[in-house]
Amino acid sequence: MPTHDVVIVGSGLAGMRAALEVCQGASVAIVSKVHPVRSHSGAAQGGIAAALGNMPPERTAKIQARIENGAVLPDEELNEDSILLHWFDICKGGDYLVDQDAAQMTAENAPTLIYQYERWGAAFSRLPNGKIAQRPFGGHQAPRACYAADRTGHALLHCLWEQVMKRSDQVTVYSEWIVLDLIIRDNICRGLVVWDLNTGRLETVHTKAVIFATGGYGRAFSITTNAFANTGDGIAIAYRNGVPLMDMEFVQFHPTGLYRLGILLSEGARGEGAYLINGEGERFMHRYAPTLLEKGPRDIVARAEMMEIMEGRGGGPKKDYIYLDLRHLPAELVRTRLPQISDLVTKFVGIDWSKELIPIQPAAHYSMGGIPTTLQGEVILDAQETLVKGLYAAGECSCVSVHGANRLGVNSLLEATVTGWAAGRAALAHSQQAELAPLPADATASAEAEVKGILENEGTESVADLRKTLQEAMTEKCGVFRDADHLKQCLETVKDLQHRFHNVHIRDKGQVFNTALQEAIELGHMLDFAETIVEGALARQESRGAHARLEYFDLKTAAGVRDDENWLKHTLAYRDGDGVRLDYKPVRIFKFKPIARKY
Amino acid sequence: MADIRFQVHRFNPETDEKPYYQEYQFTPLEGSTVLDCLNYIKWHLDDTLAYRMSCRSAICGSCAMRVNGHAKLVCQTQVKNVVRPDGTVRIDPVGNMPVLKDLIADMHGFWTKMQAVKPYLMPTQPPPSANQEYLQLPEAFRLFEEEATCIMCGACVSDCTSLESDKQFLGPAALAKAYRFSADTRDGRRHERLEELIERGGMWDCVRCNECVQTCPKTVAPMEAILKLRQMALKERLTDSIGARHVTVFTDIVGRRGILDERELPVRSLGFNPVKLLGMAPVALQSVLKGKIRPLEPPHKVKGVEDVQRIHREMEDGS
Amino acid sequence: MKYAYFPGCVARGNCPELNSATLAIAPLLGLELVELAEAPCCGAGVINSQNPVLADTYNAKTFALAEEQGLNVMTVCSTCIGSLRKSNKRLQGQSAYLEQVNQHLRPSGREYHGNVDVTHLLYVLINDVGLDSLRSMVKRPLQGLRCAPFYGCFILRPSEVMGLDDPEHPTSLERVIEALGGKPIDYWHKTRCCGFPITLENEAASFKMAGAAIGEAKDLGAECMVTPCPLCHMNLDMQQPRIPRHTGRTYNMPVIHLPQLVGLALGLDPKQLGLHKHIMDTSAVVSRVVAH
């Protein structure tokens with residue numbers, strides 16, 4: 001039985017960053033259902049935020065002048081980027097559902113952690129003076145997105161993998177191992193049950209601490225930028241083990257997914273000056289974010305696109321998409337700063353960006369919600385922050401909550417880095433003073449039953465059909481705009497699918513790389529947590545950040561109705577029998593008073 | 001789009017003694033990628049088919065496979081571009097790696113070789129100050145920018161000709177990675193890296209066939225990186241290998257004669273190597289008898305060789 | 001049809017029969033060749049390993065020589081066409097670079113302006129002569145001779161530089177073989193490497209590569225191999241006797257230069273084509289075609 005002081009599940013930025021902390025003082029393993037470099041962090045394009053202030057002042061000053069909230073920010077900060085400004089932008093971008101201590105920790109640690117990447121060899125693009133290049137990004141008032149062309153996630157993911165390879169004697173990597181269950185007894189996490197995809201063997205992994213860094217759940221939606229792997233496994237497993245899920249209703253829809261395919265076209269494109277054009281050939285963002293226009297935050301831009309489509313101004317025969325326009329950008333700029341995007345549109349839709357418009361639509365992109373944690377990544381069970389001893393979460397699967405109701409672009413790589421680093425340090429400290437807790441006799445019972453239940457099921461339902469039904473319901477009824485009727489229908493669908501899942505059948509009964517079984521298990525996960533998204537959305541009777549309820553939204557002014565009095569609180573969704581029980585938790589607000597969010 | 005017959009490599013180690021092709025026939029939707037087609041098979045025709053995939057946007061590197069014999073990321077390969085005249089598309093796992101199941105290859109060897117080139121930055125100087133990055137000018141970054149786009153999908157290794165005949169060869173991906181760090185101004189171990197890379201299995205065992213340049217789904221062009229490693233090694237005077245001598249002697253001969261003399265090249269490249277020279281003797285003799293090699297003829301020169309000599313002098317002395 | 005002819009080192013060295021066969025068929029094809037006697041070696045990708053700018057300068061000189069006569073360049077070597085086209089792309093792509101290189105040509109009164117294209121006899125046959133016209137010139141059809149085409153790397157890859165045929169599934173050689181009355185063999189190794197560039201560095205690997213190609217062609221019933229590259233010819237023919245030591249297999253596979261095959265079909269004397277100069281006996285191929 002593999003035994004390690006700390007076991008990290010997931011090998012993206014958060015997981016590997018945590019491993020590099022833990023390995024300084026304890027034995028650590030990474031368990032991942034994909035090889036580390038296949039992790040979805042690598043797909044992040046635009047950049048990673050930090051208030052380095054590398055951009056020359058003449059370029060920053062212009063943007064800084066737009067700060068409208070002088071009462072909150074000290075005047076002396078106006079001429080250059082600062083941690084305070086970054087901190088503020090996060091809180092405002094998250095529509096004040098941000099725990100401000102988490103945002104503070106994120107903004108404060110950003111520069112050091114980015115310098116660390118750079119010292120490890122990360123291939124950042126550079127300014128003429130040799131410093132890390134930075135560019136503007138939606139909702140950030142200063143150009144603070146450090147970037148490696150438009151493949152920043154790739155650059156950082158590979159940088160971490162290089163460092164893990166360098167420490168291959170200290171970090172064990174179990175690739176293509178799929179976690180089925182946590183072993184928690186008496187509120188102490190003791191290990192994991194893992195299914196080795198290579199052999200079909202069930203393994204028990206004994207450990208003092210588990211860090212979940214399993215990523216997001218975009219695959220619960222039909223139009224998504226996310227990888228096939230992003231099925232929210234860790235989130236579902238935590239939920240099944242009694243951990244509540246926080247703020248699950250807040251799902252970010254990226255404004256520029258390729259039409260129908262959802263493939264991500266970086267916000268960096270708009271950062272570099274690309275336009276959004278409706279079916280009538282008009283730039284329309286002036287109606288929704290008169291100051292920032294296309295550089296507005298994602299929730300606002302995604303809604304603007306949907307409103308254009310809803311009002312019949314979409315493009316194409318069905319008028320159901322919007323265009324991204326790069327035609328006016330200099331070829332050299334696109335070649336050096338957006339090479340991946342131009343390659344993707346050529347290969348996937350056969351479009352020449354210099355001559356043609358690119359059809360795009362909002363696509364499920366990022367999960368603001370997830371497993372609730374303390375600043376140190378410790379998983380909490382309730383509003384009183386009762387801890388599960390030895391269980392940590394970091395990155396997109398966690399909810400600390402730094403992004404609140406809406407994440408700003410280029411803050412995800414940062415959050416994965418900061419929370420991975422923090423959870424790694426905390427788990428290391430814990431493992432140095434804790435003992436291995438004994439494993440119960442029935443440690444694998446539930447996982448065995450799950451696998452057997454699928455393998456031996458002779459039912460009639462197909463994984464692909466159920467999954468498609470779920471994804472379409474979530475996109476259509478729990479998407480950019482929501483209302484009670486559609487959410488109720490969506491909930492019914494999810495419930496029905498959970499029921500039908502008991503009757504699911506796969507043909508592959510083998511042990512080696514049974515990817516049919518893998519997909520069934522992943523579907524089971526999605527059906528469980530999807531219910532918390534819909535329930536959370538149904539209960540939350542307001543519009544805030546990425547959660548826009550049509551009943552609480554003025555389409556004429558394009559303004560949501562935020563209800564701070566009743567809803568400035570985090571949702572906690574618990575599994576309760578066959579359903580969901582909701583509870584709430586206060587938001588930690590101590591620096592920036594919630595004000596109206598305009599751009 | 002018309003019906004396409006997909007001939008898919010199948011092998012289940014639990015039940016099959018040897019691999020076989022299974023055919024699936026259907027009409028893909030307009031605009032389908034090869035990955036879309038595999039997914040259609042898995043989700044609607046046969047869920048036992050195993051393959052890797054994840055991001056479906058050409059960045060995670062999971063889905064490299066051979067399509068009609070050549071490695072591609074199937075997620076970015078439009079099926080209409082690869083249908084053969086007989087209406088078939090053949091799909092195999094990547095080459096030069098053992099097969100675990102169906103289209104899934106064992107990449108263990110790939111990672112072992114990657115690890116062997118010390119694929120990480122080894123700085124020997126601290127950054128300018130504690131709370132700052134290393135400075136690197138944009139032109140210095142550009143030296144390895146393309147090589148840094150490697151997604152480690154293994155397509156180049158799959159189609160590498162040298163690897164097919166020589167398992168010891170480090171292969172294009174690992175060597176391109178080695179170049180990426182050797183060219184990084186922040187790295188302090190270039191010379192040590194190059195010393196290791198001139199050994200057997202390293203930079204001089206690439207046959208320069210361009211397969212990796214052709215097949216790379218990103219912009220790495222591994223063979224070009226290997227050539228740049230060679231230039232670096234020669235600049236650092238790491239010339240004690242047959243490969244290095246081959247290049248310097250070749251360049252020298254052309255610099256003197258304007259044209260290659262194939263009699264002089266092997267003798268001087270091999271250095272003092274009686275065994276190898278003797279091994280070549282019978283073929284050389286036969287070539288003499290056939291009139292292919294003319295030992296008594298004076299060495300060729302191009303017309304107006306002085307001009308070539310001048311160019312060579314200017315550019316080699318200047319470098 | 002008039003080309004500046006760049007024979008390359010090997011056709012002037014170890015494979016003189018390639019040069020004579022080319023010069024023999026040219027008039028029959030209506031092809032006027034002006035040999036670039038002053039053109040230096042293309043660098044073969046080898047000089048690039050030491051000094052890429054030097055290789056480009058040599059090639060710029062070649063292009064300038066052709067440009068002076070208003071001609072494009074024709075080679076008979078896959079390696080030459082690849083090296084020349086790569087240099088040409090770099091020179092044509094950046095005016096500053098072209099200027100840097102021209103500084104080394106000017107002392108002898110030359111300059112390259114970037115107006116030359118480089119092709120190969122193979123593509124001249126297809127694009128200039130034309131396959132129908134070639135077919136009509138055949139005096140001695142190849143009688144369904146089973147020929148395994150072997151391209152040589154640089155004539156196909158990278159397609160970004162070459163672009164004259166499909167780099168993965170080329171058809172040019174096949175179409176020429178068919179036009180001449182032969183039967184092309186389709187096999188995996190036809191686009192692979194012969195191993196020549198590393199015969200000195202890594203003999204075993206080099207000969208295994210050559211053996212793999214010859215062996216597959218033989219297994220599929222090829223009576224001969226046909227190549228547009230004299231470097232491939234050296235590994236496949238001249239070195240063929242040394243291959244069995246590494247592969248445990250003998251092949252007795254004749255390997256024919258492309259212009260020799262054309263010449264045979266156009267009715268030329270096999271001796272004039274130098275078919276007796278090969279290391280591997282070509283008499284079976286010759287008698288198969290000539291006996292008719």
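First the proteins, then the strands, lettered A, B, ... as listed; each starts at 1. Just so you know, these numbers use all the heavy atoms, side chains as well, and skip hydrogens, waters and symmetry mates.
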How about [X] and [Y]: do any of their side-chain heavy atoms sit closer than 4.5 Å?
X        : Y        : answer
B:Val308 : C:Lys61  : yes
B:Val283 : C:Gln239 : yes
B:Arg208 : C:Phe154 : yes
C:Leu54  : B:His312 : yes
C:Ser108 : B:Glu306 : no
B:Met280 : C:Arg242 : yes
B:Met315 : C:His104 : yes
C:Asn202 : B:Asp166 : yes

Select, from [options], the one with the greatest count of heavy-atom pairs under 4.5 Å involving chain B.
options                                : value
C:Gly152, C:Cys15, C:Ala44             : C:Ala44
C:Ala212, C:Pro107, C:Pro241, C:Gly195 : C:Pro107
C:His276, C:His278, C:Glu203, C:Glu160 : C:His278
C:Val46, C:Ile198, C:Asn14             : C:Asn14

Which one of [options] has the most heavy-atom pairs closer than 4.5 Å to chain C?
options                                : value
B:Met203, B:Gln168, B:Lys228, B:Arg294 : B:Arg294
B:Val305, B:Thr248, B:Asp261, B:Ile226 : B:Thr248
B:Gly69, B:Ser269, B:Ala244            : B:Gly69
B:Lys276, B:His246, B:His300, B:Gln286 : B:His246
B:Gly291, B:Gly279, B:Gly304           : B:Gly279
B:Val247, B:Leu265, B:Leu260, B:Leu227 : B:Val247

Can you tell me which portion of [X] sits under 4.5 Å from chain B's heavy atoms? Options are side chain, backbone, both or neither.
X        : result
C:Thr191 : both
C:His246 : neither
C:Arg110 : side chain
C:Ala55  : neither
C:Leu36  : neither
C:Gln240 : neither

Segment of [X] engaging chain C (4.5 angstrom heavy-atom cut-off):
X        : result
B:Arg84  : neither
B:Leu270 : side chain
B:Thr215 : neither
B:Met232 : neither
B:Ser287 : both
B:Cys216 : neither
B:Arg257 : neither
B:Asn273 : neither
B:Leu234 : side chain
B:Lys72  : side chain
B:Arg245 : neither

Criterion side chain to side chain contact (heavy atoms under 4.5 Å, CB included) on B:Val254 and C:Ile47, from CA distance to verdict: CA-CA 9 Å; B:Val254 173; C:Ile47 296 180; 4.0 Å; yes

So does B:Lys303 pair up with C:Glu35, basic N to acidic O under 4.0 Å?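 Not counted as a salt bridge, because no side-chain N and carboxylate O are separated by less than 4.0 Å.
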
Any side-chain donor paired with an acceptor under 3.5 Å for B:Gln214 and C:Ser159?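 Short answer, yes.
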
Do C:Glu168 and B:Asn68 have a side chain donor and acceptor closer than 3.5 Å?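 No.
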
Can you classify the ring geometry of C:Trp188 versus B:His70 as parallel (below 30°), tilted (30 to 60°) or perpendicular (above 60°)?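 C:Trp188 and B:His70: tilted rings.
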
[X], [atom1] atom: more than 12 neighbouring heavy atoms under 6.0 Å:
X        : atom1 : result
B:Asp240 : CG    : no
B:Arg237 : CZ    : no
B:Lys167 : NZ    : yes
B:Lys301 : NZ    : no

CG of C:Asn48 to CZ of B:Phe250: how many Å apart, nearest 0.5 Å?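 The CG atom of C:Asn48 sits 10.0 Å away from the CZ atom of B:Phe250.
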
Value rounded to 0.5 Å, distance of CG in B:Leu289 from NZ in C:Lys277: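 Separation between the atoms: 12.5 Å.
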
Closest non-hydrogen atom pair, [X] against [Y]:
X        : Y        : result
C:Ala39  : B:Val302 : O-CG1, 3.4 Å
B:Val213 : C:Pro158 : CG1-CB, 3.8 Å
B:Ser165 : C:Ala205 : CB-O, 3.4 Å
B:Gln231 : C:Pro52  : NE2-CG, 3.4 Å
B:Ile259 : C:Cys41  : CA-CB, 4.4 Å

Please determine whether side chain to side chain contact (heavy atoms under 4.5 Å, CB included) holds for the pair B:Asn210 and C:Val161, giving the CA-CA distance in whole Å, both sets of side-chain angles, and the decisive distance to 0.1 Å. CA-CA 11 Å; B:Asn210 275 301; C:Val161 175; over 6 Å; no

Derivation and outcome, salt bridge (charged side-chain N to carboxylate O under 4.0 Å, His left out), residues B:Glu262 and C:Arg12: CA-CA 10 Å; B:Glu262 290 131 333; C:Arg12 292 193 280 202; over 6 Å; no

Looking at C:Met238, is its backbone amide N or carbonyl O close enough to the side chain of B:Lys292 to form a donor-acceptor pair, meaning the two atoms are under 3.5 Å apart?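 No.
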
side-chain hydrogen bond (donor to acceptor under 3.5 Å, both in side chains) with C:Gln50: which of B:Arg230, B:Glu316, B:Lys235?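 The residue from B:Arg230, B:Glu316, B:Lys235 that satisfies side-chain hydrogen bond (donor to acceptor under 3.5 Å, both in side chains) with C:Gln50 turns out to be B:Glu316.
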
With B:Glu164, the side-chain contact (heavy atoms from CB on, under 4.5 Å) member among C:Met209, C:Arg192, C:Lys208: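 Only match with B:Glu164 under side-chain contact (heavy atoms from CB on, under 4.5 Å): C:Arg192.
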
